[in-house]
Amino acid sequence: MSERSEADAKLSEGFVEALRAGLRGQVLTPEDDGYDAARAVYNAMIQRRPGAIAQVADVADVIACINAAREAGVLVAVRGGGHNAGGLGVIEGGLVIDLRGLRGIRVDPRARTVRVEGGATWGDVDHATHPFGLATPCGFISTTGVGGLTLGGGSGSLTRSCGLTIDNMLSADVVLADGRMVTTSADEHQDLFWALRGGGGNFGIVTSFLFRAHSVSMVIGGPTFWALEQAENALRGFQDLIEGAPEELGGFFAFATVPPVPPFPEALHGRKVAGVVWCYNGQQESFDRIVSPLISDVPPLFHAPHDLPFPALQSFFDPLYPPGLQWYWRADFMPKLPDEAICEHVRHAATLPTSHSTVHLYPLNGVAARVGAGDTAYRHRDAFWSQVIVGVDPDPSKAETLREWTIGYYEALHPFSTGAAYVNFMMDEGTDRVRATYGANYDRLATIKRQYDPDNFFRVNQNVPPAQ
Ligand SMILES: Cc1cc2nc3c(=O)[nH]c(=O)nc-3n(C[C@H](O)[C@H](O)[C@H](O)COP(=O)(O)OP(=O)(O)OC[C@H]3O[C@@H](n4cnc5c(N)ncnc54)[C@H](O)[C@@H]3O)c2cc1C
């Protein structure tokens with residue numbers, strides 16, 4: 001059966017009934033209450049109607065779903081937090097294996113590790129680790145799934161000080177396409193362990209991750225805003241600062257519109273600005289000392305970083321970006337930006353089409369950059385920035401405007417890029433883009449794929465087909 005007709009085929013009643021009988025979790029079909037809520041993903045631009053959604057309750061359910069789908073030739077999508085840019089956690093037709101029931105977390109404060117089930121969110125993890133004064137590097141919105149973010153790499157406010165999320169992954173339990181579960185680490189199934197660290201959902205369903213945790217409790221966090229007229233100097237100044245700053249300093253540069261909510265001064269509400277959202281794992285005085293050259297060279301409109309619990313910083317943006325908005329994404333890895341690229345940024349940022357639309361530049365230097373390009377499937381250790389441009393709005397009728405603006409901005413900056421992009425910020429941009437992104441690591445990934453998933457059972461992802 002072709003991929004298309006396979007996905008379109010309505011699942012047989014027999015398939016659904018057998019699944020229902022075999023699982024502890026529920027199986028929802030389009031006739032069931034709760035189906036529409038269960039199929040919805042974070043990006044409302046993605047509207048797909050799976051044949052069934054298996055809300056798994058345990059690892060045995062995951063194994064049963066994989067075996068049933070493989071034997072029946074049913075296309076499968078795996079859903080973690082449902083945040084993926086291109087909506088890879090849901091498909092048209094076929095079976096969604098929904099991991100949201102697998103959210104158990106256990107912190108080992110003595111070993112400074114945290115074990116996390118495959119359907120947890122980063123908010124769940126931060127909540128569990130914070131009482132122990134610990135955190136694992138993750139992204140910026142607390143509702144993002146641990147599974148998808150980790151398997152693509154995982155960058156965030158602790159990247160400079162503690163590395164990417166994958167650099168802190170110690171082991172993972174994975175259910176493979178043939179229904180076997182293996183544990184992978186630096187000592188077991190090393191090739192699979194290498195592939196999971198950046199290779200996305202290509203290799204199996206991770207039911208449990210073990211992460212290293214770091215001493216992160218209270219941090220100095222929050223935003224600084226500059227007028228767009230100051231944005232060139234602010235971006236150039238931040239780039240120079242972050243290149244040599246102590247690794248405890250994290251933060252990303254953004255173009256955005258000031259939201260009309262406290263703590264932002266009313267005079268700034270609705271104003272387009274350039275900004276930095278800081279995260280410093282240290283004392284206020286040393287933070288002030290480190291950032292003072294930038295703040296005095298380019299005096300900001302607003303500067304309010306202060307001490308707050310790490311989970312508060314990590315959920316700061318949640319109310320501004322609830323699930324259900326329209327999102328159009330384009331991304332690139334960038335080297336240190338030349339002046340010409342900075343000018344292009346400022347020119348395009350002045351045209352942010354809606355108040356939710358934004359551009360982020362995440363610095364990747366520091367600890368993450370000291371890992372070798374071939375040490376993990378994720379290879380962009382020498383990129384300076386992970387850049388993402390997102391057109392965002394609640395109104396579906398703006399979808400085309402968001403798309404056009406995002407692509408126009410992206411095309412202006414892409415010539416300055418490394419040619420690759422972070423897989424977790426990509427929509428469906430085709431196989432060449434995936435190949436370019438994995439670059440020299442692609443052939444090894446395809447070989448490992450052939451070993452663990454020779455029939456490309458797990459293909460609803462940034463797909464790396466098995467080597468021939
Ligand atoms: C608002 C927002 C902010 C973000 N911020 C950041 C950020 O700061 N840093 C960053 O690195 N990324 C960030 N991302 C990108 C994010 O990493 C990706 O969207 C990621 O795919 C989300 O994972 P998920 O589990 O929520 O997604 P899902 O849509 O559920 O899944 C995405 C992919 O991962 C696979 N997958 C998920 N869980 C598992 C599992 N347990 N086993 C096997 N495969 C699995 C799925 O099959 C699918 O292919 C952000 C995304 C959004 C929408």
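Whatever order the structure lists them in is the order used to number ligands and atoms, beginning at 1. The shown structure was predicted, so the numbers you read here are calculated from the model rather than taken from an experiment.
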In chain order, what residues pass the ring-ring contact (aromatic ring centres under 6.0 Å, His included) check against F264, with sequence neighbours excluded?
F225, F302
So Y409 and H348, would you call those rings parallel, tilted or perpendicular, with 30° and 60° as cut-offs?
tilted
Not counting sequence neighbours, list each pair that qualifies as a salt bridge (charged side-chain N to carboxylate O under 4.0 Å, His left out) and has a residue in residues 113-126.
R103-D124
Tell me which pairs pass salt bridge (charged side-chain N to carboxylate O under 4.0 Å, His left out) where either residue lies in residues 379-389, with sequence neighbours left out.
D167-R381
Can S157 and Q314 be said to form a side-chain hydrogen bond (donor to acceptor under 3.5 Å, both in side chains), step by step?
CA-CA 9 Å; S157 41; Q314 293 305 99; 3.2 Å; yes
Check each of F211, F310, F140 against W122 using the ring pair (Phe, Tyr, Trp, His ring centres under 6.0 Å) test, and report the only one that passes.
F211
The answer, listing residues by chain and number that come under 4.0 Å of ligand 1 through any heavy atom, is Y42, V78, R79, G80, G81, G82, H83, N84, A85, L88, G89, L99, G118, G139, F140, I141, T144, G145, G147, G148, L149, L151, G154, S155, G201, G204, I205, V206, W327, W329, Y422, N424, F425, V460, N461
